2 protein chains.
Amino acid sequence: MTYSTVGVTPSLSDRLTEAILGIIRDAGLGPGDAIPSARELAKRFELTTPTIREALRKLEATGAVEFRHGSGTYVGPTINNVVLANPHRPPITKESVLQLIGARLVIEPAVAREAAVSRQPENLERLEAAVTNALTPPGGPAFALNFHVELAAASGNPLVEELLASLLKVRVREQQQIRQLYDNRNRDHEEHRAIVDAVRAGDAAAAERLTREHLEHIQRAIEAADFPELP
Amino acid sequence: MTYSTVGVTPSLSDRLTEAILGIIRDAGLGPGDAIPSARELAKRFELTTPTIREALRKLEATGAVEFRHGSGTYVGPTINNVVLANPHRPPITKESVLQLIGARLVIEPAVAREAAVSRQPENLERLEAAVTNALTPPGGPAFALNFHVELAAASGNPLVEELLASLLKVRVREQQQIRQLYDNRNRDHEEHRAIVDAVRAGDAAAAERLTREHLEHIQRAIEAADFPELP
DNA sequence: AAGGCTAAGTGATTTAGTCACTTCGTGACT
DNA sequence: AGTCACGAAGTGACTAAATCACTTAGCCTT
């Protein structure tokens with residue numbers, strides 16, 4: 001048996017999450033907007049607050065809502081996501097990091113190719129911004145990662161972007177560590193630069209090849225590095 | 001501002017989910033195993049059951065645990081996942097389904113190529129089983145989808161498999177509907193067959209091309225179909 | 001006008017208890 | 001001996017009514 005919950009009446013909690021999402025959508029709320037308070041929802045559904053809170057916690061786990069103590073509950077950033085980074089990720093091992101790079105090696109070259117084919121002006125601009133900002137990160141150390149997400153965005157398919165963003169998000173801490181072990185920002189930047197140029201030129205084959213090589217460089221650096229444990 | 005929870009002390013609920021996951025991992029529990037009861041956990045953490053339940057609900061939302069009323073709480077199937085299908089997915093539109101196919105068109109050909117390169121005997125066997133079982137599905141209508149997941153598994157990278165499985169899982173209902181509108185099982189099967197043969201032969205280029213064409217066929221069928229709303 | 005203080009609103013958690021469901025063993029019946 | 005009904009124990013599901021902690025905004029003081 002795979003799932004015991006097949007054809008079974010969904011739990012109250014399940015129905016409640018759906019109902020709350022219904023309220024959000026019917027009211028046309030987007031990320032950042034406030035939703036009714038737990039007490040208000042409790043009244044509306046004729047339930048008690050702990051029950052409401054359970055449902056809200058489920059929504060919180062997937063980023064659909066966000067609690068702000070003393071302030072209220074708000075629509076989260078990933079409410080419209082199709083796929084998510086697991087917030088309860090297993091501990092990090094060298095193997096898991098290599099697995100991540102392996103997956104990216106399968107997917108990202110094809111994504112770069114698609115970006116070179118698509119070549120939408122707006123996306124190219126964002127890509128350009130990502131590659132130039134990389135050397136002077138304004139938003140912290142994780143900002144440089146955005147290049148790869150922007151590359152995915154440049155494919156023109158939001159779902160592909162979402163997929164890459166999720167893939168990179170789960171391993172932010174590893175990526176930061178990789179960056180410490182293998183801090184070759186100049187080469188990184190050069191390679192990013194070359195990829196962007198290929199995309200701009202619409203040279204799909206080059207974009208694909210350069211992305212593959214770029215990831216292979218990172219892969220080799222990780223394989224060579226000894227990997228201390230994280231806290 | 002993107003996240004208000006940066007550098008802030010994580011909430012009790014957050015720490016609790018981590019602690020519970022710690023218990024699961026320390027005890028070496030896997031999917032299907034029972035975890036301590038909510039009352040037991042409440043005693044252990046010196047908290048009350050609603051608080052514990054909130055944490056468990058968060059874990060439930062990501063498939064890390066599963067409630068079974070009257071029986072207990074068990075480790076869920078996706079506890080070790082890196083990336084997840086959003087259980088609170090937005091409503092379906094024709095556009096969203098086309099977006100999904102678009103993303104698959106970017107990714108899956110590259111995955112098929114990788115499978116043809118990897119060619120591990122065990123994976124080939126599972127792939128074979130998936131393609132032969134497709135015509136006589138023993139596990140319901142969604143079973144035929146497994147071909148594409150198995151193809152991803154054949155790439156040799158579990159994360160790639162996870163990614164594809166998540167991608168297909170969010171749209172199970174759409175896929176079922178597609179299957180109703182475009183029930184061309186014979187052609188489907190033939191095309192699957194051809195892809196498997198290419199993978200078996202180690203012909204990466206053919207595997208890639210055939211997978212792309214297969215998805216393009218589906219894409220065209222969806223574009224042509226008018227898309228009724230779901231309940 | 002500026003700044004500190006208070007009060008209302010909200011989330012966070014507690015406490016105590018009831019109801020519903022599952023499991024499994026006991027014991028009666030066949 | 002085998003089978004079935006039953007019931008007790010354990011568990012999740014939910015209620016009820018509070019209290020504590022935090023944020024915000026408006027008022028009041030200066």
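Predicted model only: the values in this text are computed from it and were never measured. Sequence lines set the chain letters: A, B, ... in the order given, protein chains first and strands last, and positions in each chain run from 1. The figures here come from the full heavy-atom set of this structure, side chains too, leaving out hydrogens, waters and symmetry mates.
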**Q.** Contact boundaries on DNA chain D for chain A, cut-off under 4.0 Å to non-hydrogen atoms
**A.** D:dC14 to D:dT23

(Q) Does this structure show an ion pair linking A:R89 with B:E18, if we count only N-O contacts that are shorter than 4.0 Å? (A) no

(Q) Going by the rule salt bridge (charged side-chain N to carboxylate O under 4.0 Å, His left out), which residues pair with B:E162 if we only count those two or more places apart in sequence or in a different chain? (A) none

Contacts under 3.5 Å, N or O only, protein and nucleotides 24-26 of chain C:
none

Q: Identify, with sequence neighbours excluded, every residue that meets side-chain contact (heavy atoms from CB on, under 4.5 Å) alongside A:A165.
A: A:V149

Q) Quick one: side-chain contact (heavy atoms from CB on, under 4.5 Å) partners of B:L124, sequence neighbours excluded? A) B:R119, B:V199, B:R200

Q: Summarise how protein sits on nucleotides 11-18 of chain C as a single string, 5' to 3': B when a protein heavy atom is under 4.0 Å from the base, S for sugar-phosphate-only contact, - for no contact.
A: BBBBB--B

Q | With B:Q120 via side chain to side chain donor-acceptor pair (under 3.5 Å) - residues at least two apart | A | B:S118, B:N123

**Q.** Residue list, side chain to side chain donor-acceptor pair (under 3.5 Å) with A:E114, at least two apart or on another chain
**A.** none

Q: Kindly write out the residues that satisfy side-chain contact (heavy atoms from CB on, under 4.5 Å) with A:P158, not counting sequence neighbours, or none if the list is empty.
A: B:Q99

Q. Could you give all pairs that pass the salt bridge (charged side-chain N to carboxylate O under 4.0 Å, His left out) test and reach residues 31-41 of chain B, with sequence neighbours left out?
A. B:E40-B:R44

Q.
Which residues pass the salt bridge (charged side-chain N to carboxylate O under 4.0 Å, His left out) test with A:E60, not counting sequence neighbours?
A. A:R57, B:K58

Q: Would you please name every residue forming a side-chain contact (heavy atoms from CB on, under 4.5 Å) with B:R25, sequence neighbours left out?
A: A:P90, A:P91, B:L21, B:N80

